[in-house]
Amino acid sequence: MQPNSAATPAAGRVRPTDVYFFGTCLLDLFLPEAGMDAITLLENLGLRVHFPQAQSCCGQPAYTSGHPNEARAVARAQLGLFPNDWPIVVPSGSCGGMMKHHWPRLFAGEPEQALAEALAARVVELSDFLLNVLDFHPQDRGLPTRVAVHTSCGARREMNVHVTSWALVDRLGNVERVVHDHESECCGFGGTFSVKHADIAGAMVTDKAASLQHSGALEFVTADAGCLLNINGKLAKDGERVFAGKHLATFLLERTGGKA
Amino acid sequence: MSEQQTITLYPSRQFKDNARAALKDGELRQSLRTAMDYLMAKRLSAFSDGDELETLRTLGETIRQRCLAKLPELLEKLEAQLTANGVQVHWAETTEQANEIIHGLIARRGGTLAVKGKSMVSEETELNHYLEARGVTAVESDMGEYIVQLAGEKPTHIIMPAIHKTKAHIAQLFHDKLPDTPYTEDVDSLIRIGRNALRDLYLKADVGLSGVNFAVAETGTLCLVENEGNGRMCTTVPDMHIAITGIEKVVEKLTDVVPLYSLLTRSAIGQPITTYFNMISSPRKPGEKDGPREVHLVLLDNGRSQAYADEQLRKTLQCIRCGACMNHCPVYTRIGGHAYGTTYPGPIGEIISPHMLGLENTKDLPTASSLCGACGEVCPVKIPIPEMLMRLREEEQRPAGEVVAHPLRGQGAAHTGKEALAWRTWRGLFGQPGAYKLFGWAATRLRGLTPPGQLGWTQNHVPLKPAAKTLHQLVRERDAARR
Amino acid sequence: MSARDNILAKLRNAPRSAPVEPDVAAHFERFGPRWNEVEALRHWATMMRSVKTDIVWCTESDWPQRLAEQVKARPIRSLLLARQTPHGALAHTALEHNPLLQLKTFDRMVDDWKDELFNDTDAAFTVVRCGIAATGTLVLWPDADEPRTMSLVPPTHFALFDTRTLHADFHTAMTSEAWPNGMPTNALLVSGPSKTADIQLTLAYGAHGPRDLVVLAVLPPHLSADQLKDAA
Ligand code: SF4
């Protein structure tokens with residue numbers, strides 16, 4: 001039904017030996033462990049992972065706030081960091097969506113247009129990459145558990161990340177995936193939205209956190225840094241000590257015994 | 001008129017306060033959630049074939065874009081065809097002009113009572129108040145609109161005007177406002193009360209007012225979509241019918257309405273079709289025994305030509321007013337329609353209102369979205385609503401003095417030196433690897449100094465605290481260890 | 001400059017690119033229903049009944065009798081029909097012996113008897129131009145004989161429908177009958193009695209138009225009501 005159906009293992013998506021890793025600024029500053037877990041996961045699968053040290057941010061925060069010039073300046077600084085023809089793996093769906101779908105628009109009519117388009121074509125979201133390029137069948141070494149999956153809206157609508165996340169979780173033998181109420185609804189992050197319209201965003205994240213808590217899951221996973229910070233930040237604010245979320249990469253690494 | 005509406009000429013300026021108040025209204029939150037869940041499920045069931053849905057949406061989009069591409073020619077053709085059919089066409093650039101025209105037509109025949117079918121455009125012009133002030137009573141006849149008018153409110157939804165009200169509210173309202181009406185929460189009884197109250201008015205009314213869903217240029221036909229029959233009453237029984245619509249509502253061919261109508265009813269309420277599809281092409285002809293002797297169409301611009309001037313923003317005008325975007329909007333679901341303070345609430349309201357009222361009066365609307373994309377995903381004519389929102393954010397952040405090809409009214413309304421500086425700083429830090437590295441270094445070292453209050457963020461969250469080491473650093477350390 | 005000129009000038013000044021031509025016919029060619037006669041009628045009936053329409057299967061010869069039965073079964077004291085038309089004359093003959101029923105004809109301008117039409121006319125009987133199977137719809141083109149208010153104002157509407165005029169979908173109806181070549185004063189699609197869900201999304205019938213819609217669906221000789229039985 002969706003135009004870019006990431007759910008179908010893409011024919012002709014060849015397994016590479018090397019990948020670039022674009023960590024995203026949110027992971028970099030606030031959730032670096034999740035970034036490391038993603039890198040470790042990829043390395044455990046036999047890939048050489050290259051992390052350009054000059055990377056910072058895809059430009060999304062300014063882009064969605066009505067400052068495309070600033071967004072372009074920051075995005076431009078990333079364009080030269082991926083010279084080899086390797087996939088660019090992004091462990092956050094909405095950032096991946098920015099690079100894949102919005103960079104071409106952001107650079108339309110600019111000298112870097114062709115470059116941005118070429119890079120966009122190589123951008124692949126982590127769960128999509130694990131599932132559809134690597135055909136990752138994780139060996140579940142963990143104890144039986146129940147998890148809920150939250151997918152960022154950009155990732156869901158632009159990249160079909162909900163389908164790929166579900167599929168990966170479903171491949172874990174000891175994990176029961178539970179559906180939470182209004183699962184497809186936004187958690188209320190939306191970048192500066194959660195600052196500019198804190199009342200509305202607060203109502204949204206309250207509902208999302210509650211439906212995750214009441215889903216019967218012991219924890220939740222998500223492949224998006226923004227949503228993770230949003231929902232966990234809310235749960236912590238409310239004094240929740242047990243129930244929390246983690247990045248899908250961390251979860252997969254834990255389940256496969258790759259994390260102490 | 002309720003007090004809420006008399007506070008200001010532009011209630012949309014109070015969006016944040018309105019939203020805060022609405023969020024505290026638990027009953028409203030609950031009614032909205034239940035209603036929107038229901039409407040979403042209904043829509044889904046009306047589009048069981050995903051392939052058909054996508055093909056039909058693309059067709060709807062193509063039709064609307066073709067009609068907009070030919071808009072001036074089609075408007076002229078519509079005018080010529082309607083005129084040939086005996087329908088009189090009027091043009092209004094502003095809401096004032098539209099009201100003047102309509103009042104003039106009613107006054108000419110000494111009319112004092114008008115019955116109204118559902119028309120969001122007449123809400124846009126605040127026609128009822130205009131007429132009321134000049135001695136013409138305009139009674140809303142759509143059940144939802146009637147309820148809302150009786151309560152002295154405005155519609156909260158473009159398809160379901162009284163969606164915010166419970167049976168109990170309406171029972172009390174009818175009991176209080178209508179003579180000899182016992183309190184009842186039985187919906188059939190409530191509808192019968194409404195029906196009886198209005199029947200007399202159809203009979204007595206001098207004029208019937210209505211909106212238009214599609215105006216067909218090819219045949220000069222005004223199409224009205226409804227379930228209740230009140231639209232037919234208003235356009236058939238009084239001796240004069242005045243229709244009012246936006247200039248974007250014209251379609252080229254009669255066959256264009258077939259897919260658009262199907263998209264409209266299925267997207268709006270999940271119905272395969274409405275009870276009535278009323279196609280009006282002329283006033284009463286010689287020999288015919290009923291129908292209005294005069295039919296008028298008022299075409300209103302009210303900012304639409306501003307959206308039209310820009311090819312990207314023009315997509316806003318593809319809208320067929322189905323309301324699906326609001327039904328699926330997590331923001332609308334939580335605050336309801338009144339909070340927006342505009343005629344059109346929800347996502348379509350966020351993208352059309354700035355053209356009607358200016359960004360200076362609507363500056364909080366384009367940002368009132370998490371850009372989750374639920375609206376664009378369901379829009380039957382594929383308006384990329386998030387893209388429109390981002391563009392409007394850009395225009396309201398653009399300094400007022402900056403010269404652009406198509407300046408929007410209220411350009412720069414949200415621009416502040418502080419925010420501009422913040423983004424310039426961000427650009428400086430994130431746009432240069434050296435600066436970013438230093439920033440990461442400082443942020444992690446100074447994480448102990450994380451302020452306990454971070455703008456709106458800490459209202460709902462614990463403060464964001466940088467990690468002890470950035471991912472950059474972790475990777476560097478690991479690479480070093482491996483060597 | 002007039003408002004008209006201003007508006008048109010603004011629109012003409014905008015940049016415009018050549019539009020893509022939509023192919024409406026191809027869509028319905030691809031997704032339109034493919035039913036045989038019986039399937040189409042069944043679907044039509046199922047759809048109409050799902051919105052509280054009464055369907056009475058009739059034959060060319062027995063419909064006036066069936067109409068009389070339907071009228072008798074309801075508390076109807078007055079009925080409006082077009083006696084000057086062939087079908088109106090047949091209905092008149094079948095109904096005139098009912099002593100409790102007053103038969104009326106729309107023989108004046110509506111303006112001269114609005115009150116009576118609104119307050120003292122229980123039912124009306126009109127003919128249907130054609131039907132639409134996909135959505136469960138009747139198409140009415142009111143005329144001088146059977147004006148617009150007949151299917152609108154009286155609380156019960158009896159509609160005589162020749163089922164041979166059933167089209168698969170709206171697009172077929174419109175194109176095969178060449179509507180774009182000329183539209184009447186009022187053309188109308190009717191799918192059930194009037195209804196509303198404006199109060200807490202609860203469906204209620206009989207909003208402002210008729211509360212009851214009774215279709216006398218005349219089957220051609222080669223079809224019998226038995227073949228259509230399981231149409232819900
Ligand atoms: S923008 Fe799209 S979804 Fe919203 S009302 Fe208009 S047509 Fe419907």
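Within every chain, numbering begins at 1; the chains are lettered A, B, ... in the order of the sequence lines, protein sequences first and strands thereafter.
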Could you please state which residues from residues 110-126 of chain C sit under 4.5 angstrom from chain B, measuring non-hydrogen atom to non-hydrogen atom, sorted by number, or 'none'? V110(C), D111(C), K114(C), D115(C), F118(C), N119(C)

For chain C, find which of S282(B), A69(B), P72(B), G144(B) contributes the most heavy-atom pairs closer than 4.5 angstrom. P72(B)

Are R42(C) and E39(C) ion-paired here, with the side-chain N under 4.0 Å from a carboxylate O? no

Heavy-atom distances under 4.5 Å only: say whether E228(B) touches chain C with side chain, backbone, both or neither. both

So which of H90(B), E93(B), E288(B) has the biggest tally of heavy-atom pairs under 4.5 Å with chain C? E93(B)

At a heavy-atom separation under 4.5 Å, does L222(B) approach chain C through its side chain, its backbone, both, or neither? neither

Using non-hydrogen atoms only, which part of N13(C) is less than 4.5 Å away from chain B: side chain, backbone, both, or neither? neither

Please flag which part of V51(C) lies under 4.5 Å from any non-hydrogen atom of chain B: side chain, backbone, both or neither. neither

Could you tell me which portion of H406(B) (side chain, backbone, both or neither) has an atom closer than 4.5 angstrom to a non-hydrogen atom of chain C? side chain

With the threshold set at 4.0 Å, does a side-chain nitrogen-carboxylate oxygen contact exist between D212(C) and K52(C)? yes

For the student: nearest non-hydrogen atoms of N278(B) and N186(C), plus distance: OD1-ND2, 2.8 Å

In terms of heavy-atom pairs under 4.5 Å with chain C, the winner among T274(B), V87(B), T235(B), L203(B) is L203(B)

Taking side chain as everything from C-beta outward and backbone as N, CA, C, O, which of these in R30(C) sits under 4.5 Å from a heavy atom of chain B? Side chain, backbone, both or neither. side chain

Given M160(B), R199(B), Q65(B), the one with more heavy-atom pairs under 4.5 angstrom with chain C than any other is R199(B)

For I280(B), which atoms come within 4.5 Å of any heavy atom of chain C: side chain, backbone, both, or neither? both

In terms of heavy-atom proximity below 4.5 Å to chain B, should T137(C) be classed as side chain, backbone, both, or neither? side chain

Residue D49(B) versus chain C: region with a heavy atom under 4.5 Å: side chain

Which atoms of V153(C) are under 4.5 Å from chain B, going by heavy atoms: the side chain, the backbone, both sets, or neither? both

Look at E73(B), H157(B), E218(B) and state which one has the largest set of heavy-atom pairs under 4.5 Å with chain C. E73(B)

Select one option (side chain, backbone, both, neither) describing which atoms of M174(C) are under 4.5 Å from chain B's heavy atoms. side chain

With only heavy atoms counted, which part of T219(B) is less than 4.5 Å from chain C, the side chain, the backbone, both or neither? side chain

Region of Y146(B) that comes under 4.5 Å of a non-hydrogen atom in chain C: neither

Given that the side chain runs from C-beta out, which part of P210(C) has a heavy atom under 4.5 Å from chain B: side chain, backbone, both or neither? both

Applying a heavy-atom distance below 4.5 Å, give me the residues of residues 156-173 of chain C that approach chain B, sorted by number. F170(C), H171(C)

Whatever's closer than 4.5 Å to a heavy atom in chain C on A35(B) counts as both

Chain C contact via K253(B) - which portion, at a heavy-atom distance below 4.5 Å: side chain

So does E185(B) pair up with K167(B), basic N to acidic O under 4.0 Å? no

From the list Q306(B), E226(B), R293(B), the residue making the most non-hydrogen contacts under 4.5 Å with chain C is R293(B)

